[in-house]
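Please read the structure below before turning to the comments.
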There are 2 protein chains.
Amino acid sequence: MVKAQAAESRIEQLCVEHGLKMTGQRRVIARVLSEADDHPDVEELYRRALSLDSRISVATVYRTVRLLEEKGILERRDFGGGRARYEATEHGHHHYHLIDVDNGRVIEFEDPEAEELMRRMADRLGFEFVSLRLELFGKKKKQSASAATPHRKGETT
Amino acid sequence: MVKAQAAESRIEQLCVEHGLKMTGQRRVIARVLSEADDHPDVEELYRRALSLDSRISVATVYRTVRLLEEKGILERRDFGGGRARYEATEHGHHHYHLIDVDNGRVIEFEDPEAEELMRRMADRLGFEFVSLRLELFGKKKKQSASAATPHRKGETT
DNA sequence: GTAGATGCAAATACTTTGCAAATGG
DNA sequence: CCATTTGCAAAGTATTTGCATCTAC
C-alpha cells in the first residue's frame, strides 16, 4: 500500500492545499522553488526548471510565480537591479536581508525585536500592522575580532 | 550689490557644489525636486517640469535623476508598482515609510531606534553599516482611541 | 571652442497577454 | 468533457541609448 511515486515537493503540497490544478509544469516549478535556498529571479527559475523538464516556457514561469504569490505561497523580493526575486513564504519566524554592497550577496538574518518595534510603530501611527520590508546594506568588515555571528542564517544570492 | 536673480533651489545648489553643468533643464528639474514634498516617479517629475518649461524631454528627466542619484543628491525608492520614485537625500535624521496597503498612500516616520538596532545587527554579522531600507505596510485602523501620533511627519503619495 | 547635455526615436529589459492547442480532474 | 493551462509571439511598461544638434562654461 505504499505509494510508489516521486515525492511531492513542499510547495507542490501547498499548491494542492490551495486547490490548484497540478500540471507537469507547475510540479517542476514547485520543485525548483522548494529546492531553492536562495532568491532566484524568473530567468533563473526558468533555467532551473528547463534542466528538469524541457517543455516549459518562461511565460508559464511568470504566470506561476504570480499565481503562487497571490496565494501567499511565494513572496516577491526586490533587491534592486530591476528583476523581481522569489522565495517561499515562511510561517512564523520572519527573516530579513543584508545585502553586501560590494558583491550583491544576500545574507538572511532574524530579529524578533524589529517586527515588535514596527508593530508598535504602526499602532502609534493609527495603522494595523500588515507587513514589514527590511533590508540592510553593508560592507564586509576586514578585521574580525568577534567570532560570534548570532542570528546568521546563511549566505546566498 | 544684491544679486537680482531667481533664487537657486536647494537642489540646484547641491548640483553646483558637485560641479554639474547647470543647463536650463537641470535647473527646472532641480526646482521641481526641491519643491516636492512627496515621492514622485519620473513621469510625474516630467509632468511638473513641463508645466514650468516646455522644452524638456522625458529622457532628460531620466538622465538627470540617474545622475543626481549617483551624486547622492537624490534617493531612489521602490514602493511597488513598477516605477521608481525619488526624493531628496536627507542629511542626518533619516525617515522611513509606511505604505497604506488600501490606497498606496505613503506616510513618513522617524525611528531613531530602528537604525541603532540595525547598526548593531550589521556589526554582529561582521558588516559595516551602509544603509537601511525599511518599509512598513499597514491598514488604517477604524476606531481611534489614541489621539497621539508621535514621530508622524506627513502623508503624501 | 569644446566637452558635455539634449531631443528624438529606436532599442532594451522585464513582464503580461491574446489565442489556438493541449490537459488535468 | 470542459474549465484551465500552456506555448508562442506580439504587446505593454519602464528605462536606456545612438546620434546629430545645441549650449554652458
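Letters A, B, ... are given to chains in the order of the sequence lines, protein chains preceding strands, and every chain is numbered from 1.
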(request) Please give the angle, rounded to 10 degrees, between the axes at the start and the end of the helix from C/dG1-D/dC25 to C/dG25-D/dC1, where five pairs define each axis. (result) 40°

Ignoring hydrogens and geometry, is there a side-chain-to-backbone donor-acceptor pair from [X] to [Y] under 3.5 Å?
X	Y	answer
B/R85	B/H39	yes
A/R26	A/K21	yes
A/S34	A/S9	no
B/K140	B/D100	no

Could you tell me the separation between the [atom1] atom of [X] and the [atom2] atom of [N], rounded to a whole number of Å?
X	N	atom1	atom2	result
B/E43	D/dT15	CD	P	9 Å
B/R55	D/dA24	CZ	P	10 Å
B/Y62	D/dA14	OH	P	7 Å
B/L67	D/dT15	CG	P	17 Å
B/Y86	D/dA14	OH	P	13 Å
B/E44	D/dT15	CD	P	14 Å
B/R27	D/dA24	CZ	P	8 Å
B/L45	D/dT15	CG	P	11 Å

(request) Give the minimum heavy-atom separation between A/T89 and A/R10, together with the two atoms involved. (result) O-NH2, 4.5 Å

(request) Give a yes or no on whether the ring-centroid distance for A/H95 and A/H93 is below 6.0 angstrom. (result) no

(request) Applying salt bridge (Lys or Arg N to Asp or Glu O under 4.0 Å) between A/D102 and each of A/K142, A/K139, A/K141, report the one that passes. (result) A/K139

(message) Pick the closest DNA chain D nucleotide for B/A59 and for A/Q25 by heavy atoms, then say which residue is nearer the 5' end.
(response) A/Q25

(request) Hey, which sits more toward the 5' end of DNA chain D by its nearest nucleotide, A/G24 or B/L20? (result) A/G24

(request) Using the side chain to side chain donor-acceptor pair (under 3.5 Å) rule, collect all pairs that involve residues 61-71 of chain A, keeping only residues at least two apart or in two chains. (result) A/E69-A/R76

(request) Please work out whether the ring planes of B/F109 and B/Y96 are parallel, tilted or perpendicular, with thresholds of 30° and 60°. (result) tilted

(request) Answer with base, sugar-phosphate or nothing: what part of the nucleic acid does B/R63 contact at a heavy-atom distance below 4.0 Å? (result) base

(request) Please find the earliest and latest nucleotides of DNA chain C, in the 5' to 3' direction, that have an atom within less than 4.0 Å of any heavy atom of chain A. (result) C/dC14 to C/dG25

